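Just so you know, ligand 1 is whichever comes first in the structure, and atom 1 is the first atom listed for that ligand. The structure presented is a predicted model; accordingly, all values stated were derived computationally and were not measured. Below, each value reflects all heavy atoms present in this structure, side chains not excepted, and no hydrogens, waters or symmetry copies.
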Amino acid sequence: MAPIPTFTFLRALQKVIIVLAAIIVLFSMYYKSFPSPTCHPPPKGLTKHTNTSMSTTTPSNLAATEKTNKPVVLLWFWPDGKKFDFKLCKDLNINSCHLTDDRSLYSKANAVVMFHRDIKDDLSNLPTTPRPKFQRWIWFNMDPPTRTRKIPGIEAFFNVTLNYRRDSDIPARWQLTVKKKIDDEFELPKKELLVCWIVNKTDLHTKTEARYSYYHELAKHVKVNIFDSSSAENSKGENYFITISKCKFFLSFEDSIHADYITETFNGPLSAGTVPIALGPPRANYENFFPSTSFIHINDFPDAFGLAEYLLKLDEDNEAYMKYFQWRRFYNVRRHFTEENQEFAHAVCQACRHIVLTNEYRVILDVYKWYLI
Ligand SMILES: *[C@@H]1O[C@H](CO)[C@@H](O)[C@H](O)[C@H]1NC(C)=O
Ligand SMILES: *[C@@H]1O[C@H](CO)[C@@H](O)[C@H](O)[C@H]1NC(C)=O
Ligand SMILES: *[C@@H]1O[C@H](CO)[C@@H](O)[C@H](O)[C@H]1NC(C)=O
């Protein structure tokens, strides 16, 4: 082993010292450039104490400083009236803004989230005071275009879009994340059933949309176990994932077919260790978000009979079935929130994350022109 030449070593050390000194000088300049408290009085609760027994750096004061420095994101409506705990965002590691529903903070809010469906036709439930210059309005809508009501007069109100679509400013969807290192840990949940679906039983027998007619055709050739979505026993909270994990396949049939409209009905089985059978946009669109080998698409087969045959074949061939889980070595999938009141929580948290990432000035001239085509 050759010793490190002392000369080279000293040269390197010298460089390190110079860089460190530069950082210290820059930092102290930056620090001094902060305005003194005399021209910007600190917020209430942080007023200077002349009393030394109460220093301004106690933990409670630090917390208060942090809170007031974060951008304020005001949720103007509880979407659909569904009130959730903002702490859910912390579960998603999002803590970068001060989320609030307190309308008295309107004039301070850096962003205001407006849930489209809750806006009244006469716009009477929108803010009436002038909008501060720095404030951005977020158009929040999770309904596909065919179910989005065109409210006249709001097309030019917004600066940011929050939606499931890939081309929105804040795409609100549950996404896979890449694992830091390959891991073979996956253990298949115990399977008791072949094909399952959680669906509104009344709708199943009365409605005729694509997904219902496909189900009726499929059920002629393979048993599909139906769990009623109105029963919390099968479909809420932890039970939802338990129900799905017992099945080898799950019908991830979307209620309407639109580009990028791939919802929790797909994320559910994926996160539960079950293979989703997709009915929705074309396969290629699913592959924009999920590995091609993580799911089955109904269009992979000429008809429901072909699909049924394939599922029955996979039931006999464990090796082929297990190939549907190989993507798990590379990606993490997260369970979505399943409580009724949490339906919009994930999207609202994404708005909080986004607002600190970018501060660009932007005007959307016509939100409908972008969305309703
Ligand atoms: C300092 O504050 C403590 C507690 O708030 C109080 O008991 C004490 O009298 C104060 N001392 C002075 C000098 O103001
Ligand atoms: C099921 O569908 C019926 C009819 O469309 C509706 O009245 C009912 O509220 C639905 N149930 C659930 C749990 O969504
Ligand atoms: C947001 O959009 C509104 C309406 O188009 C516009 O008046 C305002 O200047 C925009 N604000 C920002 C910060 O982009």
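Between F157 and ligand 3, not a single N/O pair is under 3.5 Å apart. Polar contact with ligand 3: present for N159 (N/O pair, distance under 3.5 Å). Between Y361 and ligand 3, at least one pair of N/O atoms sits closer than 3.5 Å. Considering backbone and side-chain N/O of R362, one or more are found under 3.5 Å from N/O of ligand 3.
For the residue pair N225 / K246, no side-chain donor-acceptor distance below 3.5 Å is found, with atom types taken as modelled. Of the N and O atoms on the side chains of R136 and N110, not one donor lies less than 3.5 Å from an acceptor on the other residue. Side-chain contact check for D169 and T161: at least one donor-acceptor pair (N or O, by modelled atom type) lies under 3.5 Å.
Near A156, with a cut-off below 4.0 Å to any heavy atom, the atoms of ligand 3 are 4 (C), 5 (O). Atom numbering of ligand 3 starts at 1 in the shown order; those under 4.0 Å from a heavy atom of R136 are 13 (C). Close contacts of ligand 3 with R131, meaning ligand atoms under 4.0 Å from a residue heavy atom, involve 1 (C), 2 (O), 3 (C), 4 (C).
Taken together, C89 and C352 fail the criterion of an SG-SG distance shorter than 2.5 Å.
Proximity of K133 to ligand 3, defined as any heavy-atom pair under 4.0 Å, is confined to the backbone N, CA, C and O atoms.
Aromatic ring centres of F301 and F305 lie farther apart than the 6.0 Å criterion allows. In this structure, F266 has its ring center under 6.0 Å from that of Y286.
Each of F140, Y164, F84, W174 was compared with H346 under the ring pair (Phe, Tyr, Trp, His ring centres under 6.0 Å) criterion, and only W174 meets it.
You'll find the side chain of W327 reaches within 4.5 Å of the side chain of L176, heavy atoms only.
Pairs passing the disulfide (SG to SG under 2.5 Å) check and including a residue from residues 134-179, sequence neighbours excluded, do not occur.
Enclosure of atom OH in Y106 by more than 12 non-hydrogen atoms of other residues, nucleotides or ligands within 6.0 angstrom is indicated.
If you look at ligand 2, the protein residues with a non-hydrogen atom under 4.0 Å away are N200, D203, S230.
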